[in-house]
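Below you'll find the structure, written out as structure tokens, and then a few comments.
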2 protein chains.
Amino acid sequence: MTVCHALIQRLPHERLLYLGDTARVPYGTKSPATVTQYALEAARFLQAQGIKLLVVACNTASAVALPILREQLRLPVIGVLEPGARAAIAAGGDRIGVVGTEGTVNSGSYERALQVLRPETVVFSRACPLFVPLAEEGWADHAVTRTIVGEYLASLLDEEIDTLVLGCTHYPLLKSAIRSVVGPDMTLIDSADATAEEVEELLRSEDLLSDREQGGQEFFVTDVPTRFQTIGRGFLGENLQLVTQVQIG
Amino acid sequence: MTVCHALIQRLPHERLLYLGDTARVPYGTKSPATVTQYALEAARFLQAQGIKLLVVACNTASAVALPILREQLRLPVIGVLEPGARAAIAAGGDRIGVVGTEGTVNSGSYERALQVLRPETVVFSRACPLFVPLAEEGWADHAVTRTIVGEYLASLLDEEIDTLVLGCTHYPLLKSAIRSVVGPDMTLIDSADATAEEVEELLRSEDLLSDREQGGQEFFVTDVPTRFQTIGRGFLGENLQLVTQVQIG
């Protein structure tokens, strides 16, 4: 939803179709094989709706499923991981910390993406399994959240990182707690904006930009919409219209 | 796994087939319709293995899916919720607190089960969405866990409850943090033992008790076994043999 928000801000003329696999989330604790299967099923559903470009707005799925999605779909596919890595390098990061789910961190995908861009980059990673439940519980500003952030980031701060990649689309919700732990000088990378920028460039270069007045959004979920609507309001700051439950897979 | 542990202790001659739907957990944040669908798929898999009795070792599934499971399976089906409610009433609980997942608490099933047993019982419930991730992260004895327990239980303690039902099979792992918050006089109800007792009684009354020397266990999971084996060791205190990945649904 943080990526969705960035896309709506940057590309208001584009029609956005969003699928949340709410009946099977979280993906961050699941194996690469299972995440890949779920991501393929989700992608095929969206492809059947006639989309022109797919954004994999989840770091875990981007980390493990992107090559197969690109191979199996006849569509441009953009993940959130490469734009995040590019933004970290562009910001001049030298010693880069990455926080993410167990799936993302175990994949080693950020290390690879960062070192492809600049081989001498030093990367330190840490899985933070409590961040997603804390964000979903709405405890972004709770004292306990700052304590947990401090605990997870201690080993990265010991390594004197200068840049921290928020390698999960939930983590920007905890940005103020993270900022209070890392101090004012740390560069924080949130891949949502970088991803939206890359989507715009690709649409422009392929001459696929929309000429609608207002794009609008449609939301699809695999579980009943109630909980998604409540959490979605926290992310987008507005009520979600048009949320439909669908079966995939 | 806490129920599994209690069953192995009480009924060592019974062969135990355990299915963990690791590709789709947690159930606690999902809708009753989705949990019911998943529980039916899981139950049908186990029925096809030739089981003689089904234990629904999950409070959320017990809270929302038990009537349909009993209707659709030709097997005795025991959930964890009714044994827990019986144990709370047997312990003399007068003002009973219940903690559980959002699914369990929203269902109101504990209130109903407790008030069927003794209509004048006063019940106060609280969903504790961070308890499962804290238990799975292995932070049972972490200071932060005691703070979170204190926050969740404050409203129940204000109501001067005398008994607290641990209405999720993960929560016994946090028992010492919970005990430190509620003090030594609170009765804590963990439905695992009560459930195992009820299973024994039912097998005895139906003349279904095993005469094997050693029952042994078989574990099935829907995602790859690695993470399950790590977490399972924490629950059972021993390495899990025979863990097989299966497809259900």
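In the text below, chain A, chain B and the rest are named by the order of the sequence lines, each starting its count at 1.
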Could you go through B/I96 and B/I189, starting from their C-alpha distance and side-chain angles, then the distance that decides it, and tell me whether this counts as side-chain contact (heavy atoms from CB on, under 4.5 Å)?
CA-CA 10 Å; B/I96 300 181; B/I189 303 292; over 6 Å; no

Could you go through the side-chain contact (heavy atoms from CB on, under 4.5 Å) check for B/L156 and B/V99 one step at a time?
CA-CA 9 Å; B/L156 302 179; B/V99 283; 3.8 Å; yes

Kindly determine whether A/L19 and A/V246 satisfy side-chain contact (heavy atoms from CB on, under 4.5 Å), including the steps that lead there.
CA-CA 9 Å; A/L19 171 62; A/V246 295; 4.0 Å; yes

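B/P133 pairs by the side-chain contact (heavy atoms from CB on, under 4.5 Å) definition with A/L130, A/P133, not counting sequence neighbours.
The CG atom of A/L66 lies 9.5 Å from the CD1 atom of A/I78; values are rounded to the nearest 0.5 Å. Atoms CG and SG, on B/L153 and B/C128 in that order, are 6.0 Å from each other to the nearest 0.5 Å.
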Can you list every donor-acceptor pair under 3.5 Å that links chain B to chain A?
residue	atom	partner	partner atom	Å
B/A23	O	A/Y38	OH	2.8
B/V25	O	A/K30	NZ	2.9
B/K30	NZ	A/V25	O	3.0
B/S31	N	A/D223	OD2	2.9
B/S31	OG	A/D223	OD1	2.4
B/T34	OG1	A/D223	OD1	2.8
B/Y38	OH	A/A23	O	2.9
B/E102	OE1	A/R227	NE	3.4
B/E102	OE2	A/R227	NH2	3.2
B/E137	OE2	A/Y152	OH	2.6
B/H142	NE2	A/E151	OE1	3.0
B/H142	NE2	A/E151	OE2	3.1
B/E151	OE1	A/H142	NE2	3.0
B/E151	OE2	A/H142	NE2	3.1
B/Y152	OH	A/E137	OE2	2.6
B/D223	OD1	A/S31	OG	2.4
B/D223	OD1	A/T34	OG1	2.7
B/D223	OD2	A/S31	N	2.9
B/R227	NE	A/E102	OE1	3.4
B/R227	NH2	A/E102	OE2	3.2

